[in-house]
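Below is one structure, written out as structure tokens; comments come after it.
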Amino acid sequence: MKLHEYQSKLIFSRYGIPIPKGRVASTAGEARQIAEELGGRVVIKSQVLVGGRGKAGGIKVASDPAEAELLATQILSMEIKGLPVRKVLVDEAAAIDQEIYLGITNDRAAKKPVIMCSAAGGVEIEEVARTNPEKIIKVHVNPLLGIKDYQTRDIAAGIDLPREYWKSFGDILRGLWQAYMDNDATLAEINPLIISKDKRLVALDGKMLIDDNALFRRPELSELRDTDEDAPSEVEARKYGLTFIKLDGNIGCMVNGAGLAMASMDILKFFGGDPANFLDIGGGAGADKVAAAMRIILADPNVKAILFNIFGGITRCDEVARGILTAMAEVKPKVPMVVRLVGTNAEEGRAMLANANMITAETLADAAQKAVAAAKGA
Amino acid sequence: MKLHEYQSKLIFSRYGIPIPKGRVASTAGEARQIAEELGGRVVIKSQVLVGGRGKAGGIKVASDPAEAELLATQILSMEIKGLPVRKVLVDEAAAIDQEIYLGITNDRAAKKPVIMCSAAGGVEIEEVARTNPEKIIKVHVNPLLGIKDYQTRDIAAGIDLPREYWKSFGDILRGLWQAYMDNDATLAEINPLIISKDKRLVALDGKMLIDDNALFRRPELSELRDTDEDAPSEVEARKYGLTFIKLDGNIGCMVNGAGLAMASMDILKFFGGDPANFLDIGGGAGADKVAAAMRIILADPNVKAILFNIFGGITRCDEVARGILTAMAEVKPKVPMVVRLVGTNAEEGRAMLANANMITAETLADAAQKAVAAAKGA
Amino acid sequence: MSILVNKETRLLVQGITGSEGLFHTRQMVAYGTNVVAGVTPGKGGQWVDEKIPVFDSVKIAKEATGANTSIIFVPARFAADSIFEAADAGIPFIVCITEGIPVSDMMRVRNYIDQKNVRLLGPNCPGLLTPGEAKVGIIPGNIAIPGNVGIVSRSGTLTYEVLYALKQVGMGSSTTVGIGGDPVNGTNHIDVLRMFEDDPHTDKIVMIGEIGGSDEEKAAEFIATRMTKPVVGFIAGQTAPAGKRMGHAGAIVEGGEGTADAKIRALEAAGVKVARHPEEIPQLLK
Amino acid sequence: MSILVNKETRLLVQGITGSEGLFHTRQMVAYGTNVVAGVTPGKGGQWVDEKIPVFDSVKIAKEATGANTSIIFVPARFAADSIFEAADAGIPFIVCITEGIPVSDMMRVRNYIDQKNVRLLGPNCPGLLTPGEAKVGIIPGNIAIPGNVGIVSRSGTLTYEVLYALKQVGMGSSTTVGIGGDPVNGTNHIDVLRMFEDDPHTDKIVMIGEIGGSDEEKAAEFIATRMTKPVVGFIAGQTAPAGKRMGHAGAIVEGGEGTADAKIRALEAAGVKVARHPEEIPQLLK
């Protein structure tokens, strides 16, 4: 789960990390009022869950409240990478001496969180990672020990941070670590962490990703989820515990298991087709879940055919067939459907679908080829 | 540092451990008032930092407020093992079905905290430890991991706790663990943890010891220290960073280093003497500290002679000599003093004391024998 | 004939009285797996199907039954505790089926058990199957026959697909191992490849990977430098969208690794024949 | 000629610019110890006495100077961090002089470094001395001469007393090791006894213990079963008051162990000659 910049920075500030004065606004009027309260120059920052806001014109500096209102009006009417801007953060503008990158994420190979830091922060950090990886310090933290003070010093020394900032940098890094651990984050990032002209370290931007699997023990974080920015079909899918990702093709896919779902999409492509979605109904899905999945697929007007590939294990093919029949009765789909059932209770499932006017297949290659043909013929 | 029962239980309750309703009182009137508020039968418990309060008559049950006042009057006028009772805890009386022992301490051999638990709790637990140690479950906790839920269940199963209490027991044990860790305790103990007649687990008594070395990061705990109950000389010694324990003999000892201090006491005994105290001035003690140590020794009227045994290392013998001279000028001691200085700047120290009318010695055995003779001669 | 599990396996089921645990215990018993004990805290003393004793803790169960392998079916929020319990009780091989365990839990688990002589398979995996000997997990037993092909896979149902395709042409498996798709898990491709290389009853190997991480790239290097047996590979996710990268940090940590193309290139460079779809695998094994 | 430290020791001093660190660094240098580096965070680039470079971190210091031993003089609240730093930087032998470290810090330290190939001596110890070769710690150099007696002790100044008594009769020490008196420390009696047993230049051993814990009892068992060289013992604290027991729990954990009498009995049963006071030790060694 992604958090907005303003949400991330609010969490950071609770861990003692200095952030600019500012607040979030939903209207240009609010933005003006916040600018008045702050006085002086402010930055108006679109709050959308994608990168590249600056380049897209979603971050602007205003010199007075009137300009703040004007810019907020503009930004609140933008779409960035397809996402409408519904909120802006109005922060006091900072005078920047240096931009540092500071982030924590999980290194799956090392099985440990890793702290990354570079004196060359700001928007160019990905370029630095590509071209000058040695300019990025990486320090792993043993999750059983937590961060050690000496590690904060090693990092400060590693980026040649002037010594007057070491203490403050250590406090910020310890705070970021604690925010990362306490919130089951998979990413906690400050970019840039600035040295201001008045000699302070300030987190100018913030980003957090939260482990969805840990939300059961972080109910206060679940409430921060911004569903506005997900496709409605993905929100609907999540409600039923389905993993659904919308794509641009025209063959809807319903598969059990993420690996098999990807392999099914791959084979469609291999035979010249184009998948309309990734959809994993998971293990042991019942008829309800299957029906919901089918409704979600059919809600996409691009879909010209559907491929069902179910390899019964925990999942029972007869349950899947029951779900398909339920959904068909309700939605009355007009697109051709190719179904392949193998494994647990496949016979029963096939028998149930015998009269449903579906195209059946024995092998995955056969099913894929039939689905591609059906989509083209339709 | 020892905490009182009422202080320990207050900490426990902050970690979700159920304790009886009740409050601490300094006067019999307050005790009566608390009894009135609680209604019903109450227990009046003397708050002194020694064991065996019950056997000494320091714990009594009152059936009404009037009796509570009477008993509080009695208990507040008691001395238990030499310690005056200055406070009583007035708790609602519990109806007890079973008494369980539950404690956490450090196992120095295992280098880990150890949880101990027995179905045979209450005052007899030490007897159980001696005679039926197998009735006490011991489970070590890895300090890098913390307590695991399965360990709480293993312990509950190990003492044959009825299953209806497992969840509540797990919560209590996790709370006790957290209280232990968060407060740098070296002991956190509930004895008894009762199963009440109305089927609840309640911590009827509580005890905590705090690691003195960790008080720098637990300032709120330092404030709980009850100096009323230490010998005034020990309080005075702590102020100067000296380790002092009063004993019953008549030869005062001032030594640098705990091991050497004990060895010096041992050798006095070996030659027929009797040490009046243990006193370690530590490493690198300056003249001030030495002077304070000497005043503390001389404040004991039993002292008939003093043995100074200083092996200079970090400690400089000339600094010690300066401290002795300062204190002598001030206190004008009338008892004979035997001094042995060896190691760093011993020559300078001896020269400074040459005119101080002290008995000097070369070896430890010589010094001890002279001190014993001096104490007997006096 | 196999790696990790066989006729000598004495299996303990953690979470045996839950609905998933019970269902799959029965499947495993029906397959012939020697399930010696179950654990459900608070239900010690009960019996499953009048055959399998249930205990309150792994420690007691192990002492009573000599279990040497454990399989975990408990819900995600309790799963890490169950792994710790099995590891601390001295179970040398632990299979965790549970999916949805927080990654921070798994990092603590890995950093702890790496100090011990314990192998963990999973979590979020289908377990493993030595056809004709033991089924420890949820791989349907009837889709596989004994044979000389070792299979290691990050995926569940995709693995079934491969087993099924092999069976159609009469090919069987020595052992099939599902390592699971979680970012932090107990056993990776290389661990299993090494065991297959050393197993006299495995002659050929199928390795099934997915996009994400760098496990397959490392496996490719291992195959190139250490393995003598032929390996056929398949990577799922060629058409998957680039996905939600973990901010700048993800890009920095994972670098260019993790795409299907990169994995396929690495495997092919290591001499692995890479199938274009799962049903091509049997002919590549010939 | 010695154990643990000798002419090959390349010593790094953590906390070199503090008053204690600086004082003892000079003493060690004066004795002839090869002090190659110091560490004080934030003071990297400075020099001590124009001879010893100061670095910001142990890692950098080790890379720059090849230090193979570290000694820690930092204040108690920072000491655990310094031990972690040295261990993580790969220093194989760490001596911690600092006293007053919270026991919970030391438990974390021990449970961590036990997984690594690191030996810790101390904390709250005087360090060690190989007369004529290296002084790593605060034992006064002038009270000891080279010889064939290995000394291991939980005490500081009491050890000096013994060294001094030996010197009076012309006896010298191969190495003298102060293990420190804290309840949780890095190296115990047995560890050092084993090294002396294996050291060709140590012929006799003096072991100095104290009341508390069960280290000496375990050492007695080790001496009885594994050692061929003669051991003379001394236990301080025969007249110490029973002391403030740690509630019921302390009694349960430590049982009957820990008294001076119990330790002396155990040692005598193991064939150790136990001195009645420190100055008896030289004649028992003859």
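Reminder, nothing fancy here: chain letters follow the sequence lines and each chain counts from 1.
The residue among A:T363, A:D184, A:I310 with the most heavy atom pairs within less than 4.5 Å of chain C is A:T363. Top candidate by heavy-atom pairs under 4.5 Å with chain C, chosen from A:T344, A:N213, A:L215, is A:N213.
With a 4.5 angstrom heavy-atom cutoff, A:R130 does not touch chain C via any of its atoms. Of the two parts of C:D182, only the backbone, made up of N, CA, C and O, holds a non-hydrogen atom closer than 4.5 Å to a non-hydrogen atom of chain A. If you measure heavy-atom distances from C:I101 to chain A, the contacts under 4.5 Å come from the backbone alone. For A:N256, the parts sitting under 4.5 Å from any heavy atom of chain C are the backbone and the side chain alike. If you measure heavy-atom distances from C:Q238 to chain A, the contacts under 4.5 Å come from both the backbone and the side chain. Within the 4.5 angstrom heavy-atom criterion, atoms from both the backbone and the side chain of C:R108 approach chain A. C:T157 touches chain A through backbone and side chain together, each having a heavy atom under 4.5 Å away. Heavy-atom distances place both the backbone and the side chain of C:P183 under 4.5 Å from chain A. For C:I208, no part lies near chain A; criterion is any non-hydrogen pair under 4.5 Å. Only the side chain of C:P140 has a heavy atom closer than 4.5 Å to any heavy atom of chain A.
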Let me have the donor-acceptor pairs involving side chains of residues 275-286 of chain A, under 3.5 Å, with sequence neighbours excluded, atom names and distances please.
{"residue": "A:N277", "atom": "OD1", "partner": "A:C253", "partner atom": "N", "Å": "3.0"}
{"residue": "A:N277", "atom": "ND2", "partner": "A:C253", "partner atom": "O", "Å": "2.9"}
{"residue": "A:D280", "atom": "OD1", "partner": "A:G257", "partner atom": "N", "Å": "2.7"}
{"residue": "A:D280", "atom": "OD1", "partner": "A:G282", "partner atom": "N", "Å": "2.6"}
{"residue": "A:D280", "atom": "OD2", "partner": "A:A258", "partner atom": "N", "Å": "3.3"}

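Applying the salt bridge (charged side-chain N to carboxylate O under 4.0 Å, His left out) rule to pairs touching residues 15-24 of chain C yields nothing, sequence neighbours excluded.
A donor and an acceptor atom, one from each side chain of A:D266 and C:T239, are located under 3.5 Å apart.
Every residue two or more places apart in sequence or in another chain that forms a side-chain contact (heavy atoms from CB on, under 4.5 Å) with C:D215 is listed here: C:I179, C:N188, C:H189.
The distance from atom CD of C:E161 to atom CZ of A:F311, rounded to the nearest 0.5 Å, is 5.5 Å.
Within residues 111-127 of chain C, the residues having any heavy atom less than 4.5 Å from a heavy atom of chain A are, in residue-number order, C:N111, C:Y112, C:Q115.
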